[in-house]
Participant: 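Before we start, here is the structure in question, set down as structure tokens.
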Amino acid sequence: MKITYHWLKEFVDFNLSPSELQEKLDLVGIPVEGIEKPSLQMEKVIIGKILAINPHPQADKLTVCFVDIGKEHLPIVCGAKNIKPGDKVPVALPGAKLSTGEVKIAKIREVASLGIMCSEGELGISKDHSGLMLLPPDAPVGERLDQYLGLSDTILDLEIIPNRPDCLSLLGIAREVSALTGNPLKYPPLEFGEEGDEVSSRLHVKIETPDFCPRYTARVVEGVKVAPSPSWLRYRLEAVGIRSINNVVDITNYVMMELGQPIHAFNYCRINDNTIVIRKATKGEKIVTLDGIERILVKDSLVIADTKQAVAIAGIMGGQESEVSNDTNTVIIECAYFDPLNIRRTAKKLGMRTEASLRFERGVDPNGIVAAQNRTAQLLHEVAGGKIGRGLIDAYPSPIFPVEIELRPSRVNAVLGTNINSPWMVAILEKLEMKVESLPDKFTVKVPTFRPDLIREIDLIEEIARHWGYHQIPETVPQYPITPIRESLDLMLENWVREILTASGLWEVMPYSFIGERSFDQIRLPFSHPLRLVVKIRNPLDESRSLMRSTLIPGLLETLSLNFRRGNENLKIFEVGRVFQPREDPLPKEYLRISGALTGIQEVFWKDKPRTADFYDLKGLIETFLDELKISKYYFQPEEHPLFHSGRCAKIVAGEPPVSLGIMGEIHPDVQETYEFKNRVYLFEIDFEALKGLVSEVRTHSPLPKYPAVKRDIAIILRENISAQQVKEVIISSGGDLLERIELFDVYQQKPIPPNHRSLAYTLTFRSPEKTLTDQEVDSVQQKIIETLSANLDAKIRK
Amino acid sequence: MKEKLEKILMLAQTEIKNCPDVSNLEQLRIKYLGKKGIVTQFLQELGKLPPEVRPHQGQLVNRIKKAIEVTLQNRKAEINTAEKKEQLDKEQVDVTLPGRRFLLGKKHPITKTLDKIQGIFKQMGFEIAQGPEIELDYYNFEALNIPRDHPARDMQATFFITDDVVLRTHISPVQIRVMEKKSPPIRIIVPGRVYRCDDDVSHSPMFHQVEVLVVDVGVTFAHLKGVLSLFAREMFGPQTETRFRPSYFPFTEPSAEVDVSCIICQGKGCRICKHSGWLEILGAGMVHPAVFGFVNYDAEKYTGFAFGMGVERIAMLKYGIDDIRLFFENDIRFLEQF
């Protein structure tokens with residue numbers, strides 16, 4: 001909310017510069033987001049009075065005016081037509097900088113001109129260049145125009161927190177300043193005379209829904225002259241960001257800014273049967289609002305109506321039909337208290353947010369309404385010449401009373417950790433216009449209705465803390481018994497996983513948790529695939545971010561894709577993140593997943609030939625990963641998955657009984673094409689829970705061997721459809737206890753190996769924990785291995 | 001005889017000194033000291049000499065033999081040294097050529113920042129707590145004293161799954177879940193991912209928050225200030241100052257916005273802190289008694305404080321990043337910098 005510095009001073013005295021004021025307000029929780037200094041450079045623009053207008057001797061369209069500027073009379077050549085002697089106008093003296101340039105002493109067709117009389121356009125106040133700006137008859141001659149119009153006022157932009165509706169007004173801010181400085185609060189003048197008929201004979205008010213409208217007041221003002229607002233009013237409103245409409249509307253807005261109470265003016269003669277009804281909208285009821293838009297009202301919207309139709313959406317916006325216009329003579333001034341929740345719901349449903357609705361939905365002061373009525377009446381009389389009708393209709397079916405809260409000074413200090421004395425607490429609450437009654441060990445505090453945020457003791461404690469100053473509260477640290485904190489296995493493992501993967505050269509990435517339906521098409525998931533069962537966002541930013549992911553893979557592919565497009569082609573990345581799966585429970589199941597991808601050149605070095613990632617880079621990575629987590633007996637099983645290359649995909653299995661940890665493989669060429677990846681991409685995804693079930697924190701030491709090992713190399717030829725896993729299993733089962741280690745060192749598939757066969761070569765390590773093995777002992781084990789391989793797998797020894 | 005031997009010695013020494021390599025040197029050894037070598041022959045002939053001259057002559061021959069041996073050894077050492085040198089010279093590399101690098105991966109800057117924040121609180125005996133990213137309206141709003149239609153809901157643009165299920169808009173629902181399950185004392189730190197319907201240079205629809213919660217008998221606002229200032233100094237350096245300004249959060253009261261002295265300019269005023277010297281990075285306050293009501297804590301007996309911060313904001317300030325979206329684009333050239 002914007003306020004101006006001098007306007008605030010009308011409500012409370014203070015000796016603070018704008019920036020000092022900013023500092024103080026900051027400390028009580030009203031941050032000043034910006035201070036705008038006046039932008040116009042108008043020291044040399046002053047108010048002048050035209051004394052005489054003479055024809056220009058050389059030019060028909062020009063005149064020579066004599067203008068009184070206080071100290072002297074100046075001849076000024078002018079072309080404007082909208083002036084007469086006696087008018088007051090802005091005069092720019094030589095040296096003034098206008099939007100049209102610097103003013104200089106000039107001779108215009110032989111006649112000296114010692115200044116310029118200005119239009120609003122020239123002054124940069126508006127875009128109006130049609131004629132000179134005419135000032136009110138009482139404008140003081142010789143004074144600076146900017147000071148007179150309030151153009152030199154500093155504007156403060158305040159951030160008002162949502163629970164402080166009272167601060168959406170100058171009065172509310174002034175109250176805080178008053179508490180800060182100790183200077184008394186000054187209320188605006190509210191005096192005016194009433195005349196004419198009693199209001200009750202001219203207007204009837206009926207509240208059908210007292211719950212939604214606890215209070216409604218109305219007054220009738222006759223004989224208003226609707227006209228543009230006087231400059232002071234116009235500029236003040238414009239300074240705080242409210243567009244000037246006409247004097248009547250501007251006054252309602254002015255009072256709203258001052259007191260925080262939204263006010264609406266109706267054209268009296270447009271209200272059928274002189275009757276105002278506050279009721280709920282009927283089904284499908286329509287109204288054209290002031291902004292010219294036809295609104296279809298929603299259920300429970302509160303409307304102000306006459307006997308025929310709705311004339312305003314209560315608390316939000318008036319209707320065009322009953323709008324105050326130039327020919328309006330008599331107006332009804334409405335000042336009410338509406339249920340904040342109802343206004344908020346209606347405004348939200350209609351998508352309308354106005355200065356009025358903002359205040360009503362946060363809660364105006366139900367007991368400040370009469371003051372607002374009176375201030376409006378006073379200004380309408382003063383500015384628009386209105387005759388204020390006698391009396392005020394005040395329908396207040398359910399009065400709202402100030403609440404009383406008990407406050408224990410000991411509790412204040414116990415919560416804040418301070419030592420504030422009770423008299424100080426009382427003083428500050430009283431400065432904030434609360435009534436404090438002292439009882440033994442506690443107070444009873446009566447909270448005015450303009451502070452709907454104060455309900456409990458803690459709310460008052462906050463008030464005291466705010467004005468005591470947070471900076472005056474000491475800094476201490478709590479003391480508590482030492483208690484060891486054990487980190488959960490989940491957190492430890494998550495951390496561990498990141499350590500292993502980064503040590504393996506993978507970069508951690510963090511894509512969004514959102515994906516789109518299209519991601520599933522891109523990874524070739526059939527419509528019935530379980531991963532397509534996802535949690536949908538009802539109000540997504542866009543289609544591509546409309547689902548909560550069920551797998552990390554699309555995010556990784558997008559990340560690869562973005563990097564590819566930017567020329568980063570060689571990548572090793574991973575993510576540890578959550579995926580979501582809908583279920584019976586209202587909350588979906590959240591699983592932690594680990595996923596990674598390799599692609600492109602894995603190592604570049606000038607001595608070596610660059611090598612691009614292949615299936616075995618990925619597999620080696622996963623083997624290293626599982627080994628490091630001490631997961632024993634894992635194996636890889638060929639797997640079919642639409643995302644992956646049909647011949648290069650495996651399920652990762654481990655444990656006893658075996659469970660699936662996840663999947664790995666090369667992405668399907670179609671997926672590679674879709675994403676336009678230059679190189680083949682290798683991906684894995686592992687389920688964290690499954691992994692956790694197999695991980696052990698325990699590490700046990702086994703003694704280093706005492707006796708030497710014997711190494712033997714064997715190469716066997718077998719059919720190529722026999723997997724390395726099968727061979728390994730046979731070797732292990734036939735090798736017995738002495739076989740310590742099997743290491744594959746060569747796979748060969750060209751001549752002289754027969755077609756559809758391949759040769760696998762292993763180094764076998766034999767060792768006994770009890771003695772040094774003899775050649776004969778090793779020979780016999782090796783022989784047994786060879787015989788079993790030959791018997792079970794039809795393998796032949798390659799000589 | 002003596003003269004003869006001296007001559008042989010001189011000849012041998014000359015030959016040995018001019019010998020170019022180890023194999024030629026061996027030839028020379030054989031020539032002089034081998035089984036049929038020149039000096040060896042003298043030794044063999046000693047027996048033929050009369051007994052009285054034998055010792056003297058013997059000494060003489062042995063002296064010559066020793067001298068040749070020494071010369072041979074020295075020359076061998078010389079040749080070895082020269083050969084090593086030649087080899088080393090030949091094997092010289094261009095030390096300025098690039099080395100074969102180990103390609104380490106790195107954690108994401110957000111993970112790193114989170115690790116640092118959590119580390120500070122772990123040292124102080126705080127436990128890490130977590131909760132679901134998709135959350136019931138009850139935990140995300142209701143139990144945090146933000147009923148339906150509360151204006152504070154406007155402050156957090158919310159992604160909805162259903163009327164009652166949302167993507168959590170802040171990390172605070174976890175405090176409710178923890179307090180529901182456990183009685184005080186509570187000292188937790190809660191890191192996690194949160195979501196809001198915003199998308200621009202300074203707002204991402206997904207980001208991370210960390211919240212700290214302490215509930216016990218006798219916890220005060222002064223404790224909040226003490227712990228927070230301690231954290232700020234650990235996180236941003238020992239010179240860091242903190243400033244508490246009143247603010248509003250429905251689930252804390254009194255509430256505060258917390259500024260730290262600008263970590264870029266140390267409070268002197270710069271572009272990052274908009275010349276104020278302060279950076280607004282935390283929200284804090286005493287746990288609202290209404291929140292204790294929702295978890296059945298006795299609000300008369302217990303008090304507590306909580307504070308929370310945006311991880312991206314801290315990382316952005318720390319690393320001088322001006323677009324939050326860079327974190328989630330994951331351009332490898334961005335990630336490499338941390």
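Residue numbers start from 1 in every chain, and the chains themselves are labelled A, B, ... in the order their sequence lines are given, proteins ahead of strands. In this text, all values refer to a predicted model and were calculated from it rather than measured experimentally. What's counted below: heavy atoms across the whole structure, side chains too, no hydrogens, waters or symmetry copies.
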Participant: So, do A:Arg566 and B:Glu329 sit near enough that their side-chain heavy atoms are less than 4.5 Å apart?
Facilitator: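 Side chain of A:Arg566 against side chain of B:Glu329, heavy atoms only: contact under 4.5 Å found.
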
Participant: Is any NZ, NE, NH1 or NH2 atom of the basic residue among B:Lys112 and A:Glu508 found under 4.0 Å from an Asp or Glu carboxylate oxygen of the other?
Facilitator: no

Participant: Would you say that A:Pro478 contacts B:Val227 through its side chain, given a criterion of any heavy-atom pair below 4.5 Å between the two side chains?
Facilitator: yes

Participant: Which one of A:Pro340, A:Ala465, A:Pro511, A:Gly469 has the most heavy-atom pairs closer than 4.5 Å to chain B?
Facilitator: A:Pro511

Participant: What are the two closest heavy atoms between A:Leu587 and B:Pro132, and how far apart are they?
Facilitator: CD1-CG, 4.4 Å

Participant: When only pairs under 4.5 Å are counted, which of A:Leu506, A:Val28, A:Ile458 shares the most heavy-atom pairs with chain B?
Facilitator: A:Ile458

Participant: In Å and rounded to the nearest 0.5 Å, what is the CG to CG distance from B:Asp259 to A:Asp26?
Facilitator: 8.0 Å

Participant: For B:Tyr195, is it the side chain, the backbone, both or neither that has a heavy atom under 4.5 Å from a heavy atom of chain A?
Facilitator: side chain

Participant: Given that the side chain runs from C-beta out, which part of B:Arg193 has a heavy atom under 4.5 Å from chain A: side chain, backbone, both or neither?
Facilitator: side chain

Participant: Count the heavy-atom pairs under 4.5 Å between each of A:Asp459, A:Leu341, A:Asp453 and chain B, then report the option with the highest count.
Facilitator: A:Asp459

Participant: Which is it for A:Trp606 and B:Leu97 under the side-chain contact (heavy atoms from CB on, under 4.5 Å) test, yes or no, and what are the steps along the way?
Facilitator: CA-CA 9 Å; A:Trp606 49 270; B:Leu97 277 172; 3.4 Å; yes

Participant: Just give me the residue among A:Gly505, A:Pro540, A:Pro588 that pairs up with chain B most often, heavy atom to heavy atom, under 4.5 Å.
Facilitator: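 Most heavy-atom pairs under 4.5 Å with chain B: A:Gly505.
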
Participant: Provide the closest heavy-atom pair for B:Phe244 versus A:Tyr470 in the form atom of the first, atom of the second, distance.
Facilitator: O-CB, 3.5 Å

Participant: If you count heavy-atom pairs under 4.5 Å with chain B, which of A:Arg411, A:Glu463, A:Lys536 comes out on top?
Facilitator: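 Ranked by heavy-atom pairs under 4.5 Å with chain B, first place is A:Arg411.
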
Participant: Under a plain distance cut-off of 3.5 Å, with no hydrogens placed, do A:Arg538 and B:Thr162 share a side-chain donor-acceptor pair?
Facilitator: no

Participant: Give, as side chain, backbone, both or neither, the part of B:Thr303 having an atom under 4.5 angstrom from any heavy atom of chain A.
Facilitator: side chain

Participant: Rounded to the nearest 0.5 Å, what separation is found between the OG atom of A:Ser513 and the CD1 atom of B:Ile134?
Facilitator: 8.5 Å

Participant: In sequence, state the C-alpha distance, the side-chain angles, and the governing distance for B:Lys122 and A:Glu487, and then conclude on side-chain contact (heavy atoms from CB on, under 4.5 Å).
Facilitator: CA-CA 9 Å; B:Lys122 276 201 271 186; A:Glu487 194 158 58; 3.0 Å; yes

Participant: So, the side chain of B:Lys225 versus the backbone of A:Ile473: is there a donor-acceptor pair under 3.5 Å, distance only?
Facilitator: yes

Participant: With heavy-atom distances below 4.5 Å as the criterion, would you say the side chains of B:Pro254 and A:Leu416 are in contact?
Facilitator: yes

Participant: What part of A:Pro481 lies closer than 4.5 angstrom to a heavy atom of chain B: side chain, backbone, both or neither?
Facilitator: backbone

Participant: Counting only heavy atoms closer than 4.5 Å, note whether A:Leu571 contacts chain B via side chain, backbone, both or neither.
Facilitator: side chain

Participant: Show your reasoning for whether side-chain contact (heavy atoms from CB on, under 4.5 Å) applies to A:Thr483 and B:Arg187.
Facilitator: CA-CA 11 Å; A:Thr483 24; B:Arg187 279 183 296 278; 3.5 Å; yes

Participant: Decide whether B:Asn330 and A:Asn563 meet the rule of one side-chain donor and one side-chain acceptor closer than 3.5 Å.
Facilitator: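 There is no such pair (donor and acceptor under 3.5 Å, judged by atom type) between the side chains of B:Asn330 and A:Asn563.
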
Participant: Any sub-3.5 Å donor-acceptor pair from A:Arg344's side-chain atoms to B:His150's backbone N or O?
Facilitator: yes

Participant: Would you please go through residues 495-502 of chain A and name the residues with a non-hydrogen atom below 4.5 Å from one of chain B, in numerical order?
Facilitator: A:Asn495, A:Arg498, A:Glu499, A:Thr502

Participant: Non-hydrogen atoms of chain B under 4.5 Å away: do they reach the side chain of A:Val535, the backbone, both or neither?
Facilitator: side chain

Participant: Relative to chain B, which of A:Ala503, A:Gly555, A:Pro586, A:Gly577 shows the most heavy atom pairs under 4.5 Å?
Facilitator: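 Ranked by contacts with chain B, first place is A:Pro586.
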
Participant: Pick one of side chain, backbone, both or neither for A:Glu159, based on which atoms fall under 4.5 Å of a heavy atom in chain B.
Facilitator: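 Neither part.
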
Participant: So what's closer than 4.5 Å to chain A heavy atoms on B:Val165: side chain, backbone, both or neither?
Facilitator: side chain

Participant: At a heavy-atom separation under 4.5 Å, does A:Pro31 approach chain B through its side chain, its backbone, both, or neither?
Facilitator: side chain

Participant: At a 4.5 Å cut-off on heavy atoms, which part of B:Thr242 comes close to chain A: side chain, backbone, both, or neither?
Facilitator: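 Just its side chain gets close to chain A.
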
Participant: At a 4.5 Å cut-off on heavy atoms, which part of A:Leu491 comes close to chain B: side chain, backbone, both, or neither?
Facilitator: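 Side chain of A:Leu491 only, per the 4.5 Å heavy-atom cut-off to chain B.
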
Participant: Of the backbone (N, CA, C, O) and the side chain (C-beta and beyond), which part of A:Arg565 lies under 4.5 Å from a heavy atom of chain B, both, or neither?
Facilitator: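 No part of it gets close to chain B.
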
Participant: Any salt bridge between A:Asp608 and B:Arg100, counting N to O under 4.0 Å?
Facilitator: yes

Participant: A:Glu33 and B:Lys274: salt bridge (Lys or Arg N to Asp or Glu O under 4.0 Å), yes or no, with the steps?
Facilitator: CA-CA 11 Å; A:Glu33 288 191 316; B:Lys274 295 184 190 125; over 6 Å; no

Participant: Carefully, step by step, assess A:Arg486 and B:Glu127 under the rule salt bridge (Lys or Arg N to Asp or Glu O under 4.0 Å).
Facilitator: CA-CA 8 Å; A:Arg486 265 194 70 78; B:Glu127 198 172 351; over 6 Å; no

Participant: Atom CD of A:Glu462 and atom OG of B:Ser247: how far apart are they, to the nearest 0.5 Å?
Facilitator: 8.5 Å

Participant: Find out whether B:Leu167 and A:Met548 are in side-chain contact, i.e. whether some heavy atom of one side chain is under 4.5 Å from a heavy atom of the other.
Facilitator: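 The answer is yes; the side chains approach within 4.5 Å.
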
Participant: Between A:Ile573 and B:Ile332, does a side-chain contact (heavy atoms from CB on, under 4.5 Å) hold up when you go through it step by step?
Facilitator: CA-CA 9 Å; A:Ile573 58 172; B:Ile332 214 83; 3.9 Å; yes

Participant: Does A:Glu475 reach the main-chain N or O of B:Ser229 with its side chain, forming a donor-acceptor pair under 3.5 Å?
Facilitator: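 Checked: no pair found.
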
Participant: Distance check, rounded to the nearest 0.5 Å: B:Asp199 atom CG versus A:Asp542 atom CG?
Facilitator: 8.0 Å

Participant: Report which part of A:Glu558 has an atom under 4.5 Å of a heavy atom belonging to chain B: side chain, backbone, both, or neither.
Facilitator: neither

Participant: So for B:Pro98, is it side chain, backbone, both, or neither that comes closer than 4.5 Å to the heavy atoms of chain A?
Facilitator: both

Participant: Are A:Arg578 and B:Glu133 close enough that some pair of their side-chain heavy atoms sits under 4.5 Å apart?
Facilitator: yes

Participant: Hey, is the main chain of B:Lys107 close enough, under 3.5 Å, to the side chain of A:Trp507 for a donor-acceptor pair?
Facilitator: no

Participant: Check whether B:Ala299 gets within reach of chain A through its side chain, its backbone, both or neither, counting any heavy atom under 4.5 Å.
Facilitator: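 Only the backbone of B:Ala299 comes within 4.5 Å of chain A.
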
Participant: Flag the pair A:Val415 / B:Thr220 as yes when at least one side-chain heavy-atom distance between them is below 4.5 Å, and no otherwise.
Facilitator: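 The answer is no, as the side chains (C-beta and beyond) never meet within the 4.5 Å cut-off.
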
Participant: When rounded to the nearest 0.5 angstrom, what distance separates CZ in B:Phe159 from CG in A:Asn539?
Facilitator: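 Those atoms lie 6.5 Å apart.
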
Participant: Using atom types as modelled and distance alone, determine if a side-chain donor or acceptor of B:Tyr248 lies under 3.5 Å from a backbone N or O of A:Arg164.
Facilitator: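 Here the side-chain-to-backbone pair does not exist.
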
Participant: Taking all non-hydrogen atoms of both residues, which atom of A:Tyr480 and which atom of B:Met124 are closest, and how far apart?
Facilitator: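 Reported closest heavy-atom pair: OH-O, 2.6 Å.
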
Participant: Heavy-atom distance under 4.5 Å to chain B: side chain of A:Tyr512, backbone, both or neither?
Facilitator: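 Both parts, backbone and side chain.
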
Participant: Does B:Glu253 pair with A:Arg456 as a salt bridge, N-O distance under 4.0 Å?
Facilitator: no

Participant: Could you state the interatomic distance from CG (B:Leu103) to CD (A:Gln602), rounded to the nearest 0.5 Å?
Facilitator: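 Going from CG on B:Leu103 over to CD on A:Gln602, the span is 8.5 Å.
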
